[in-house]
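Quick note: numbers below take in every heavy atom, side chains included, and nothing from hydrogens, waters or symmetry partners.
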Amino acid sequence: MPGFSGSGAVTRSTLRQQIADALRDEVLAGRLQSGQEFTVKEIAEQYGVSATPVREALVDLSAQGLLDADQHRGFRVHEYSAEDFRDMVEARSLVTSGIFRALAEGHGTHAAVPPGPPRSLPPDESRVAAVLAGVRRRGEEAQRAAVAGDVTVLIGYDLRFWRELGALFGNPYLTDFLNRLRVQTWVCVVQHLRRLPDLRGRLWAGHTDLVDALVRRDTDTAHAMVESYNAHALRLIESLTDGGMGKGPARGEPPVPGADTLP
């Protein structure tokens, strides 16, 4: 199948999830292009598995908004518009603002890390501190990938960063919803980003600064960082989808504080 590069047979028992994850990675990597069509049979042959887990995986991805199902032609990678991107950014902004505020106020399953000098922390606060330390490490890896312009590596660490950060709130439904939004925004923009010749200095690298602000309970700064890079991302995606390839903020221009670009 043109544009698909499955890496051999999937043999473990969780075929449905593995196939869904593999296809999601293909879309995020840009190897399955927006609007590209394929059938259950093609995917099953590519992985050397039966049609049943493939069909289930494709239905799952359709439910997540990544694929469109056509009764007669199989499946097609969903084509997102700039308007879709604006709506997704607005939705995730509302979610993250609520999470930041709740963490700072100690709501949800976990309390936020208190401000002030280091001290002996109660068990819940120690757990939150440990989780935030892990989230920050994810952010450091994402930042390195962003600076290098390696969008493939960045996507992986960025998704883990936000998934683990959202999990601090203790609500798995909210975490899953935020992760789905971030996957969709990456799918929306990756096809445009990969057309740019050089992404160094043009990808958002504010992950660690965001964690540091949350550790300080400085939700105003955290909120401002997210809103700033959302606005910057919207300007860039609009310039790319309107045919203004590369007319967004250029590499070397002073970045918006805390917000270099997408997504």
* **Heavy-atom side-chain proximity of V54 to F75 below 4.5 angstrom** => no
* Asked: Any side-chain donor paired with an acceptor under 3.5 Å for R92 and T185?
  -> yes
* Could you tell me which non-hydrogen atom of A57 sits nearest to which non-hydrogen atom of I19, and how far apart they are? => CB-CG2, 3.8 Å
* R76 side chain reached by D68 side chain, heavy atoms, under 4.5 Å -> yes
* To do: Go through the steps for R138 and H207 under the test side-chain contact (heavy atoms from CB on, under 4.5 Å), then give the verdict.
  => CA-CA 8 Å; R138 247 35 106 227; H207 301 75; over 6 Å; no
* **R16 side chain reached by V59 side chain, heavy atoms, under 4.5 Å** => no
* In plain terms, say whether E140 and R137 are close enough for a salt bridge, that is, a side-chain N and a carboxylate O under 4.0 Å apart. => no
* Return the minimal non-hydrogen interatomic distance between A205 and A146, and the atom names on each side. => CB-CB, 3.9 Å
* Asked: Is there side-chain contact between W186 and V27, with at least one heavy-atom pair below 4.5 Å?
  -> no
* Asked: CD/E26 to CD/Q46 distance, rounded to the nearest 0.5 angstrom?
  -> 8.5 Å
* Find out whether V187 and H78 are in side-chain contact, i.e. whether some heavy atom of one side chain is under 4.5 Å from a heavy atom of the other. => no
* To do: Return the minimal non-hydrogen interatomic distance between L28 and V190, and the atom names on each side.
  => O-CG2, 3.0 Å
* Asked: Should I99 and L168 count as side-chain neighbours, where that means a heavy-atom distance under 4.5 Å?
  -> no
* L234, M88: one ILVMFWY side-chain cluster at the under-4.5 Å cut-off? -> yes
* Asked: Does atom CZ of R194 have more than 12 heavy-atom neighbours, drawn from other residues, nucleotides or ligands, at distances under 6.0 Å?
  -> yes
* Asked: F100 and L165: side-chain contact (heavy atoms from CB on, under 4.5 Å), yes or no, with the steps?
  -> CA-CA 10 Å; F100 293 166; L165 186 60; 4.2 Å; yes
* **H192 versus I237, closest heavy-atom pair with distance** => CD2-CD1, 3.4 Å
* Rounded distance (nearest 0.5 Å) linking atom CG of L66 with atom CG of L23 -> 10.0 Å
* Could you label the plane-to-plane angle of the Y229 and W204 rings as parallel, tilted or perpendicular, counting under 30° as parallel and over 60° as perpendicular? => parallel
* To do: Using a 4.5 Å cut-off on heavy atoms from C-beta on, say whether the side chain of Y157 contacts that of D150.
  => no
* Structure fact -> Interatomic distance, SG@C188 vs CZ@R86, rounded to 0.5 Å, equals 10.0 Å
* Check ion pair D25-R31 (N to O, under 4.0 angstrom) -> no
* To do: Might you point out which heavy atoms bring A148 and R200 nearest each other, and give the distance in Å?
  => O-CG, 3.2 Å
* To do: Give the C-alpha distance, both sets of side-chain angles, the deciding distance and a yes or no for side-chain contact (heavy atoms from CB on, under 4.5 Å) between T219 and R101.
  => CA-CA 6 Å; T219 52; R101 183 171 59 255; 5.6 Å; no
* Asked: Which distance, rounded to the nearest 0.5 Å, do you find between the CD of Q184 and the OH of Y80?
  -> 4.0 Å
* **Check: R235 main-chain N/O paired with E238 side-chain donor or acceptor under 3.5 Å** => no
* **Hydrophobic cluster membership, V147 vs L196, 4.5 Å side-chain cutoff** => no
* Taking atom CZ of R182 and atom OG1 of T96, what is their separation to the nearest 0.5 Å? -> 8.5 Å
* Hey, which of V135, T175, V95, L210 is the one that makes side chain to side chain contact (heavy atoms under 4.5 Å, CB included) with W162? -> L210
* **Chi angles and distances behind the side-chain contact (heavy atoms from CB on, under 4.5 Å) call for R136, D212** => CA-CA 8 Å; R136 197 181 196 285; D212 292 343; 2.9 Å; yes
* Asked: Is it the case that one hydrophobic cluster holds both V189 and V153, taking links as side-chain heavy atoms less than 4.5 Å apart, direct or via other members?
  -> no
* Can you name the residues that form a side-chain hydrogen bond (donor to acceptor under 3.5 Å, both in side chains) with D21, not counting sequence neighbours? -> Q17, R24
* What residues, two or more places apart in sequence or in another chain, satisfy side-chain hydrogen bond (donor to acceptor under 3.5 Å, both in side chains) together with S93? -> E227
* Asked: Which heavy-atom pair separates L58 from V40 by the least distance, and what is that distance?
  -> CD1-CG2, 3.8 Å
* **Contact check, side chains of V77 and Q33, non-hydrogen atoms, under 4.5 Å** => no
* Asked: What distance separates L32 CG from I43 CD1, expressed to the nearest 0.5 Å?
  -> 6.5 Å
